[in-house]
Amino acid sequence: MNIHPNSLEAYYLLHNGTLALARAENNGIRVDVQYLENKIFHLTRKIDRLDRKFKESKFYKDWEKSQEKEPNPNSSIQLSTFLYDEKKIKPPKTTATGRGSTDKDTLADLNIPELNYVLDMRKLKKIRDTYLEGFLKEQVDGWIHPFFNLHLVTTYRSSSDRPNFQNIPKRDKEAMKITRGALYPRKGHQLLEVDYGALEVRIAACYHKDPVMLKYIETGHDMHADMMEQIFFLKYDRSKPDHNRLRSAAKNGFVFPEFYGDYYKNCATYLAKDWGKLPLGKWKSGQGVPVGDDFLSDHLMANGISNIFAFEKHLKVIEQDFWGRRFKRYARWQERWWRQYQKEGYVDLYTGFRCQGLLSRNDATNYPIQGAAFHCLLWSFIELDKLIQRKGWKSRIIGQIHDAIIFDAHPDELDELVKETVRITCDELPKTWDWINVPLSVDFEICDVDASWAEKKELVLT
DNA sequence: GGAACTCGCCAC
DNA sequence: AAACGTGGCGAGTTCC
């Protein structure tokens, strides 16, 4: 099917998407209210304890003397004023408005032990106030009904609110356990999650058709391992934990930022500091994360890189190779796409939508990818919803997170639900939209019957 | 007493 | 030449 900009097909995608999402909203998610109240009580006790300890410190006493009103550890303005105006510390980083920053990384840089109390309190408050209190506020008789919006996002992605179902903690294990530990399936059911693998990378490839990228996708060859080898002068060994950490660093600190339009200087800083645990000046022996029997500083120095500037230069060369040789066709597509926008004033998505208005170069190349990737998810969501209706199943769809669908599944229907999901997401979708010229794949995660969302584990298909 | 803003931080 | 894309939301703050 060929979809034209602002087409009827595009309209129906949102129309049917709205109806399917409304059914998921209506289905809702079970929350354990007693658990929420207990956790909030215990987190409050922990936060109070940290607050008391912080207030006993010399740092706080000095802060108290420096201003009229009682210092509030949660006020970034008060903290910024005290650190950078009163104590005359040079801000390691500033905010968008030019004020000295007090975010997590910046405070860690300052090396003031008492500030750890502030950081610990912030983390627990985030969990308590945004998530647990948010669920409690929105729940009715032990059910929440998050909304999914199709009309708010510039790129034609979705958003979610009241409460936001799309930003519940996952990476931080403690925050994940506490927040997702409140969310349950229906009695006798189990939560099931299906994720598209590398969806945006694959959809990007449908636009630029870069032969090197297509080969990576078709063969399953590990692009991030290749970049890890190039950045860190190593032969990737998947059995080594330190190699896998550096592979993640290459993936999240270089490959994805470059795809989104970032450049080597930011990548160098981020890789060295956040992933490598290296200082931003000159390096000494024994610094950074372990690499084999060595440390990252020793390993890089052995390869002629002994400070952040040399590392930047190294990444500059890698970036030139990345866009000038490896993904040359991808780079040319970005250039073409940007010129198209400059000439016509819009970019079109393959799914029949048009992005207009003032766009930056990065916007013009990112929006069509982000939007069309979400539309793949939405199409699958609609079809799965129809299928469940048709079959009269007890299983329900309860939500969606950009490239993932969350089911509240009945165990008797699980096998068929998984089978049908693979069919719709990976086989039917590319048959419907012939611009999808790459294979698609999905992964499943599952919780036991009656277990909370915190108990999620990988589902291996046989 | 509410609107609008900044900042920080969670997700993809 | 320029320099990371999209959201929601709580707390603190300022303005009206």
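Throughout, a chain's letter reflects where its sequence line sits, starting with A, and its residues are numbered from 1. All values below were derived from every heavy atom in this structure, side-chain atoms included, with hydrogens, water molecules and symmetry-related copies excluded. This structure is a prediction, so every number in the text was calculated from the model and none was measured.
- At the heavy-atom level, Thr102(A) lies under 4.0 Å from the strands shown only through sugar-phosphate atoms.
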Per-nt protein contacts along nucleotides 9-16 of chain C (heavy atom under 4.0 Å; B base, S backbone sugar-phosphate only, - none) come out as SSSSS---

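- Residue contacts for Ser101(A): at a heavy-atom cut-off of 4.0 Å it reaches the sugar-phosphate backbone alone, with no base atom in range.
- Listed pair Thr154(A) / dT6(C) fails the phosphate criterion, with no side-chain N or O lying under 4.0 Å from OP1 or OP2.
- Exactly one of Trp453(A), Phe135(A), Phe147(A), Tyr131(A) qualifies for a ring pair (Phe, Tyr, Trp, His ring centres under 6.0 Å) with Phe165(A). That residue is Trp453(A).
- Classification of the Phe322(A)-Phe254(A) ring pair by plane angle, with boundaries at 30° and 60°, yields perpendicular.
- Within the nucleic acid shown, Lys123(A) has no heavy atom closer than 4.0 Å to any nucleic acid atom.
- No hydrogens or angles were tested; on distance alone, nothing pairs the side chain of Gln166(A) with the base of dG7(C) as donor and acceptor under 3.5 Å.
- Remark: C1' of dA1(C) and CD of Gln334(A) are 15 Å apart, rounded to the nearest angstrom.
- Under the 3.5 Å distance criterion, the side-chain polar atoms of His375(A) are left unmatched by any main-chain donor or acceptor of Thr351(A).
- Residues that satisfy the salt bridge (charged side-chain N to carboxylate O under 4.0 Å, His left out) test with Lys273(A), not counting sequence neighbours, are Asp109(A).
- In this structure, Leu150(A) atom CG and dG8(C) atom C1' are separated by 16 Å, rounded to whole Å.
- Residue Ile168(A) is classed as a sugar-phosphate contact, given heavy-atom separations below 4.0 Å to backbone atoms only.
- Toward the 5′ end of DNA chain C lies the nearest nucleotide of Glu319(A), the other residue of the pair Glu319(A) and Tyr367(A) mapping further downstream.
- Taking the six-membered ring for Trp and the full ring otherwise, Phe82(A) and Phe59(A) have centroids separated by under 6.0 Å.
- Think of the region where chain A sits on DNA chain B: with heavy atoms and a 4.0 Å cut, that region ends 5' and 3' at dT6(B) to dC12(B).
- Taking CG from Leu14(A) and CG from Leu150(A), the interatomic distance works out to 5.5 Å, rounded to the nearest 0.5 Å.
- Seen from the ring of Tyr346(A), Arg354(A) counts as a face-on cation partner, given the 6.0 Å and 45° thresholds.
- In this structure, Pro257(A) reaches the bases: a heavy-atom distance under 4.0 Å links it to at least one base atom across the strands shown.
- In this structure a side-chain-to-backbone donor-acceptor pair under 3.5 Å is present from Asn16(A) to Tyr12(A).
- The residue Ser158(A) sits apart from the nucleic acid: no heavy atom pair falls under 4.0 Å.
- For the 3.5 Å distance criterion, the side chains of Thr269(A) and Asn266(A) fail to qualify, holding no donor opposite an acceptor.
- Tyr117(A) and Asp51(A) share no side-chain donor-acceptor pair at under 3.5 Å.
- Taking atom CG on Leu378(A) and atom C1' on dT6(C), their separation rounds to 16 Å, with Å as the unit.
- Regarding Glu258(A), its CD atom lies at a distance of 14 Å from the C1' atom of dG5(C), rounded to whole Å.
- Atom C1' of nucleotide dA1(C) and atom NZ of Lys265(A) are separated by 14 Å, given to the nearest angstrom.
- Look at CH2 on Trp323(A): it is 17 Å from P on dA3(C), rounded to the nearest Å.
- To the nearest angstrom, C1' of dC4(C) lies 5 Å from CG of Asp262(A).
- Whole-Å rounding puts the Asn366(A) CG to dA2(C) P distance at 18 Å.
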